[in-house]
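As a basis for the values below, the full set of heavy atoms in this structure was taken, side chains included, without hydrogen atoms, waters or symmetry mates. Every number for a ligand or one of its atoms is a count from 1 in the order of the listing.
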Amino acid sequence: MKDLKDKVVYITGGTKGIGLGVAKTLLGAGMRIAISGRTDASVDEGLKELNNTEVIGIVSDVCRIEDEMNAVNRIVEKWGQLDVVLANAGVGNFAPIDEMTDKQWHRMIDTNLNGVFHTLKASVEELKRSKGYYMTLASLAGTNFFASVRATMPLNLG
Ligand SMILES: NC(=O)c1ccc[n+]([C@@H]2O[C@H](COP(=O)([O-])OP(=O)(O)OC[C@H]3O[C@@H](n4cnc5c(N)ncnc54)[C@H](OP(=O)(O)O)[C@@H]3O)[C@@H](O)[C@H]2O)c1
């Protein structure tokens, strides 16, 4: 995709961090952007930061496929197309197994694994139509074990 002008991108978890940074860059390239997050407040924060009429914010929890279906419908209603999806939403609970709770484990799997499936499942037909792209953000932690990683990284309970 050489010319990004007016192409439409959906960035899950675009309210802060890497997703928000990518949104800023792609706005600069002329793309139309949808960002999502779990709460009205966080989505509003992201929108305020981007401060651009070519951005919409959607409250959607990637752990819920109905939310992601709704998000894609909103985007297509607004702009009539979806060209790129960046499955960026993610959480990291860094703790040794004897300290990690069952709830933390399931939230990570629901967000980082099932969430990526939900976003793709919800958007795949639109991406086939636009001959678009689906990208995911992963972590080295997915393929490398870090002993006591908790000691070097903050515990993210966000
Ligand atoms: N930062 C790093 O060093 C690093 C390293 C390796 C991989 N990654 C991966 O890169 C991605 C972004 O990381 P980051 O550092 O930018 O994280 P971050 O600053 O904590 O931001 C996470 C984003 O994900 C959203 N989010 C979390 N759970 C969600 C859910 N269930 N549904 C929808 N949105 C959800 C948050 O939105 P709300 O809070 O508004 O809901 C927020 O916008 C993640 O997938 C992370 O695993 C990051």
Provide the number and element of each atom of ligand 1 under 4.0 Å from a heavy atom of [X].
X: Asn88; answer: 11 (C), 12 (C), 44 (C), 45 (O)
X: Gly17; answer: 16 (O), 19 (O)
X: Ser42; answer: 38 (P), 40 (O)
X: Ser60; answer: 32 (N), 33 (C)
X: Thr111; answer: 28 (N), 31 (N)

Quick one: look at Asp61 and ligand 1, take heavy-atom pairs under 4.0 Å, and tell me if it's side chain, backbone, both or neither. both
Heavy-atom closest contact ([X] atom, [Y] atom, distance):
X: Asp6; Y: Gln81; value: O-NE2, 3.9 Å
X: Ile58; Y: Ala34; value: CD1-CB, 4.3 Å
X: Asp83; Y: Lys7; value: OD2-CA, 3.3 Å

Any side-chain heavy atom of Ile11 sitting closer than 4.5 Å to one from Val22? yes
Leu120 side chain near Val85 side chain, heavy-atom distance below 4.5 Å: no
For Ala87, state whether at least one heavy atom is located under 4.0 Å from any atom of ligand 1. no
Under 4.0 angstrom from ligand 1, any heavy atom of Ala138? yes
Could you check Arg74 against Glu77 for salt bridge (Lys or Arg N to Asp or Glu O under 4.0 Å), going step by step and ending with a plain yes or no? CA-CA 5 Å; Arg74 292 257 321 266; Glu77 263 167 41; 5.8 Å; no
Strictly by modelled atom types, are Glu68 and Ser60 linked by a side-chain donor-acceptor pair under 3.5 Å? yes
Between His106 and Asp102, a side-chain donor and acceptor under 3.5 Å: yes
Please determine if [X] has a nitrogen or oxygen closer than 3.5 Å to a nitrogen or oxygen of ligand 1.
X: Val62; value: yes
X: Val91; value: no
X: Gly19; value: no
X: Thr15; value: yes
X: Arg38; value: yes

Would a distance-only check, ignoring hydrogens and angles, find a side-chain to backbone donor-acceptor pair under 3.5 Å from Ser36 to Gly13? yes
